[in-house]
Structure formats: structure tokens, C-alpha cells
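Report on one structure; see the data block that follows.
From a predicted model like this one, the values you see are computed outputs, not experimental measurements.
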Amino acid sequence: MFRFEVYAHTPNDHVVIKAVNTSSTRSCLVYNHPLIRFGGAKDPLPLLKGSDVMGGDVETVRPKGAVWASIPTATAAQKGSGKKTYATVEFSGSDLNGAPKGPPQRVDFRNAPVAVGASQVTYWQSTLNRAESYTKPKG
């Protein structure tokens, strides 16, 4: 079981999605990147190219541990109109029986709205610093 937290970072150049393993005894594996759908969209946000360099396809999340993904919001298009304030988030991949890894969860983006048309999301990363390294402006 996971709990999702979403928050904007100052300066307002990216949004962070944190997935916390709520189990006190079991580690979990998360694959690829979060599947984030705003407003019931058919397709999730696309993957930010190159965001698997430091992470990879699989992250192990220890009991009460967390993983992070980031959505850049630094450009005018990403801050533009059409901001969404809630989404469904789910994990990519499937369990040993081929079923999806848990149901989609509705996540509140009210304090960190995202403009859907131009946004992308990183792979899950084992640290907040890694997730942010792909989406913070350089320089």
C-alpha cells in the first residue's frame, strides 16, 4: 500500500510526487514511472526522456520508505492555462498474475497545479535530489 503526496517546489519550477510505502514490514518494488492521468484522460503524462540515467526501471521501497518523481513546470507552456488540480496516479507494471499493481488513486494537485498539455514526468527515483535533478532549471 502506498500513500501519495504532491507538492510544488520553490521557486515554482517543478512539482514532486512522493510515494510512501505504508507497510511497516514489507518492501515493495516500483517500476518505471508513475502513470498520472489528469481529469480522466485516456493517456498518462509522457515520460521525461533521459530520466532513467541515475535510477532505472525498478526501485525498491523499504517499509515506511519513499520514492519520488518530478514534473517540470518551469516553462510558460507548463505553467499555462488548463491547469489541473487533481489526477489519478497508479503504478506501471503488473503483479505475478498479470493484474495491474493496485487501483488508481485520486491525488490532489490543488497546491501544485500542472498544465497538462506540455508536462512530462520522470522515472521513480530513490531520492528527492535525483528526481529534482531532471526538472530543476540548469544554471
Side-chain angles (χ1 to χ4, degrees):
M1 299 298 280
F2 279 85
R3 177 183 78 243
F4 293 103
E5 300 171 11
V6 177
Y7 47 94
H9 261 259
T10 305
N12 192 16
D13 56 16
H14 63 287
V15 170
V16 173
I17 300 140
K18 179 180 180 182
V20 179
N21 180 353
T22 59
S23 173
S24 57
T25 59
R26 290 186 149 180
S27 292
C28 296
L29 298 177
V30 295
Y31 297 88
N32 303 316
H33 57 91
L35 300 176
I36 302 170
R37 290 179 177 84
F38 286 93
K42 177 183 159 198
D43 295 321
L45 286 183
L47 175 65
L48 182 66
K49 301 277 190 254
S51 66
D52 62 338
V53 175
M54 289 188 272
D57 294 346
V58 180
E59 292 289 342
T60 301
V61 188
R62 297 184 186 278
K64 303 295 182 186
V67 288
W68 292 263
S70 187
I71 302 170
T73 57
T75 69
Q78 293 160 331
K79 291 181 179 178
S81 62
K83 287 185 179 180
K84 303 297 183 182
T85 57
Y86 79 91
T88 57
V89 178
E90 61 186 300
F91 293 101
S92 58
S94 57
D95 66 17
L96 296 175
N97 298 319
K101 294 227 184 243
Q105 293 184 40
R106 184 180 165 117
V107 178
D108 185 356
F109 276 70
R110 188 178 14 227
N111 295 325
V114 173
V116 177
S119 296
Q120 300 175 327
V121 65
T122 67
Y123 272 85
W124 289 115
Q125 303 293 328
S126 60
T127 67
L128 175 59
N129 189 41
R130 280 185 178 177
E132 290 181 317
S133 71
Y134 296 106
T135 54
K136 281 187 172 184
K138 309 296 184 235

Subject >> Minimum heavy-atom distance between Lys42 and Arg37, given as atom pair plus value >> reply: O-NE, 3.0 Å
Original post:
What's the shortest heavy-atom distance between Tyr123 and Asn32, and which atoms?
Top reply: CD2-O, 3.1 Å
Original post:
Can you name the closest pair of heavy atoms from Val121 and Ala69 and give their distance?
Top reply: CG2-CB, 4.0 Å
**OP:** Kindly write out the residues that satisfy side chain to side chain donor-acceptor pair (under 3.5 Å) with Arg26, not counting sequence neighbours, or none if the list is empty.
**Re:** none
Original post:
Counting N and O atoms only, with roles assigned by atom type, does the side chain of Thr122 sit under 3.5 Å from a partner on the main chain of Leu48, one being a donor and the other an acceptor?
Top reply: no
Original post:
Going from CG on Asp43 to CD1 on Ile36, what distance comes out if it is rounded to the nearest 0.5 angstrom?
Top reply: 13.5 Å
**OP:** Please report the closest heavy-atom contact between Phe4 and Trp124, naming both atoms and the distance.
**Re:** CE2-CH2, 4.0 Å
Original post:
Out of curiosity, His33 NE2 to Ile71 CD1, how far, rounded to the nearest 0.5 Å?
Top reply: 11.5 Å
**OP:** Could you list the residues that satisfy side-chain contact (heavy atoms from CB on, under 4.5 Å) with Leu128, not counting sequence neighbours?
**Re:** Tyr7, His9, Val16, Trp68, Glu132
Original post:
How far apart are the closest heavy atoms of Lys64 and Val20, and which atoms are they?
Top reply: O-CG1, 4.2 Å
**OP:** Under the side-chain contact (heavy atoms from CB on, under 4.5 Å) rule, collect the residues that match up with Arg62, sequence neighbours excluded.
**Re:** Ser27
Original post:
Hey, which of Val67, Val58, Thr60 is the one that makes side chain to side chain contact (heavy atoms under 4.5 Å, CB included) with Val30?
Top reply: Val67
**OP:** Considering non-hydrogen atoms only, spot the tightest contact between Phe2 and Val61 and give its length.
**Re:** CE2-CG1, 4.0 Å
